[in-house]
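So that the names make sense, note that chain A is the first sequence line, chain B the second, and so on, each numbered from 1.
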Amino acid sequence: MVDRENEGTVTRDHASNISRRRLLSILGMGGSALGLATVPLARRGFAQPSKATVRYWASGTMTIEKFWAQLERDEGIKVVFSDNGNDPGPVVSRMVFGNANDLYDVGGLQGGAEKELALRNAIAPWDLSKIPNWNDVWSWAKEIPYTQVNGKQYGIPAVVNADSMIYLPQKVGKVDSYHTVFDPKLKGKTAMEDAWINSAIFTAIYLKENNLLKIKDPGNLEKDELQGVMEFLIKKKKDGQFRTFWNGWEQGVQLVTSQEVWVMTGWEPIVYAARRAGVQADYAVPKEGYEGWSNDLLLHRGAVDRKLSEAAHRMANWILGGYYGAALSKLRGYVVPTDHSAMAAAKSGGEFDAKVQADLNQHVKNKFFSKKGATHWQNVRPTHFQLYEEWWQKLRNA
Amino acid sequence: MTGHRRSVLLASPVVAVLLALSVAPLALVLLWSFWQWDPAIYWMRPAFVLDAYQSVVGTDRLIVIVRTARIALITAALALLLGYPVALFMDRFATARERTILMLLFLVPFFTSYIIRTFAWRLVLGRTGLINSFLVRAGLREEPLEWLLFSDFAVHVGLLASYLPFMIFPLLLAFGRIDRSLIEASEDLGGTFGQTLRHVILPLTAPGMFAGSLFVFVMALGSSVEVQFLGGAAASMIAIMIQDVIRVLNFPLAFAISTSVVLFLILLLIVGSRFLGLARLFASVAR
């Protein structure tokens, strides 16, 4: 498949990505503007930036479209953005065996593929001394396990968030545990996402935190752990626990707004969409903890070979510098894990809403500091990912 | 140059294009299905192994193929049952204007996305959908019918809604080919409508019945949206299974599944040809 490339334009979008973008944009931060004031933080540490073009191949939701012009003004870096489809399998394949390293300089992918890509020399570690804004990244975001390989930082979290359950309080009361999804009293009234990447980890979190199954890392299940998790899910499916497994934004929203499902694992913006449709829905703060996820910046080995490492580092620093975060939050409702975006919004002269930005940052922080349970990070490439697929097939057939 | 040679020469470019577009990809799919997937390079290595086919059998993937074929067969049978009377009415009893209107009515839903069309059935069949709302409000049910949505029933409704016109239009063509004097002869000889239908119309429209059934069966066999939107929890079809496998880059397995399906279809055609005389029907269509 050939990617069409356009500066500042999403060129190819994966269905789930469209969904993410659309659902996150509903947070009420629409609108756009050009010619915003330069954010001084972005320039820190680089006196005379040289001009460069960086080809950024990432999840379609990571582009800030026309706001990229600010990066060119600040750093002399022109970004050519291409959507990678956000499907980890094909992305890893093209990185390791295909031509992605020839075509693109910086990548952006849901966390978990770093180890595999680093071991196969498809990506290079970031030199954090060249990214001064890294110092101000929220401390827990720096510690996302999959972003580091052998002590080196291979992934820089450009976006973080955490997912749990959407529920209808009038039907099921207050929900604070994943047990509700599996509660036999709610047989036929619950749902999960039709994707092992999310549903296996949610189930593993539930089983682990309630001491129902010994699990070390819900994001990277060993073979016997995976068997336990999937046999549990298969039994629940056979018992008729799930009304359906949902796919994509529209299906997720419709299930909740039609009250076809009373509780389901999924994305928080579905709650806002349901409320706008007049359905009282809430997002659970589960005692077992959230499924955290990040979209990480990756330095392609090809960029290093092409002497673009310096420019890539300047771009990464700029992305953490505030302007990008403010623009991304405005366009999509995503949060870059640093307070710089709030500072940039405050200094933007009204182009970005400082209060909305601060509230959004705090909202995401609260998820990670709820202290109700641990945050288990989503891992798009668990060690036994082929086995995950086989088990998912067994679940389908059950 | 003889006429036969000339016609062969004239047809050869078209035949070459057809071979390139249909046979060559199938041959490649067959070849690659025997290659070995190498996790070290995320790609296939040339080989002649049966690993992928063992996976088709070993992980219950055959169940999905059989289940999909069953759903497709039932859909084709239901489409024939529903489509035949409609086509008969349109051909025998409707005026030209009524026929045009009916054909348009069948076509209009296709002006929208098939995803939207399928999704709309959720609003009709759901717990709070049109049918359940009516049943509950009319006092016919205390609780909504759960099996209307996210069930095999819903999948068949979605498939029929999607593919019924593909049954009706070949049937209309078959009806159009019937020599009217044959029907008149039957009536002149005192044949009732039922007798004329049984002994004249049905045999003469058999090619259309077969062509329509084949269209619906093959299209239903390759469908996925109807099952994803309307089927039960994590329900599968062949297309969904191939998607799952491609997502983890196991290309030989995806090709092996595809090859198995093609072989299954060929087997069906052979059985149909031997026991149902389908080859003769094809010949009839060709004429």
Practice item. Give, as side chain, backbone, both or neither, the part of B/Phe229 having an atom under 4.5 angstrom from any heavy atom of chain A. Key: both

Exercise for review: Can you see which heavy atom on B/Leu249 is nearest to which on A/Ser93, and at what distance?
Suggested key: CD1-CB, 3.6 Å

Exercise for review: Return yes when atom CG of A/Asn99 has more than 12 non-hydrogen atoms of other residues, nucleotides or ligands closer than 6.0 Å, and no otherwise.
Suggested key: yes

Practice item. Would you indicate whether the side-chain heavy atoms of B/Met241 and A/Glu389 approach each other to under 4.5 Å? Key: no

Check your understanding: Just by distance, do the side chain of A/Arg243 and the backbone of B/Glu146 share a donor-acceptor pair under 3.5 Å?
Key -> yes

Review point. Out of A/Lys394, A/Arg396, A/Gln386, which one racks up the most heavy-atom pairs below 4.5 Å with chain B?
Key: A/Arg396

Point to revise | Neighbour count above 12 (heavy atom, 6.0 Å) for B/Tyr114 OH | key: no

Review point. Under the 3.5 angstrom rule, does the side chain of A/Gln393 hit a backbone N or O of B/Arg61 as a donor-acceptor pair?
Key: no

Study note, to complete from the structure: Whatever's closer than 4.5 Å to a heavy atom in chain A on B/Ile246 counts as neither

Exercise for review: State, to 0.1 Å, how close B/Ala233 and A/Phe245 come at their nearest heavy-atom pair, and which atoms those are.
Suggested key: CB-CD1, 3.5 Å

**Study point:** Residues of residues 254-265 of chain A contacting chain B, heavy-atom criterion under 4.5 Å, by residue number
**Key:** A/Gln254, A/Leu255, A/Ser258, A/Gln259, A/Glu260, A/Val261, A/Trp262

Point to revise | Toward chain B, the part of A/Trp246 with a non-hydrogen atom under 4.5 Å | key: neither

Review point. How many angstroms lie between CG in A/Asp194 and CD in B/Gln228, if you round to the nearest 0.5 Å?
Key: 6.5 Å

Check your understanding: Is B/Phe215 atom CZ crowded by more than 12 heavy atoms from other residues, nucleotides or ligands, each under 6.0 Å away?
Key -> no

Check your understanding: Is B/Gln243 atom CD crowded by more than 12 heavy atoms from other residues, nucleotides or ligands, each under 6.0 Å away?
Key -> yes

Review point. Can you say whether A/Trp196 sits under 4.5 Å from chain B via the side chain, the backbone, both, or neither, judging by heavy atoms?
Key: side chain

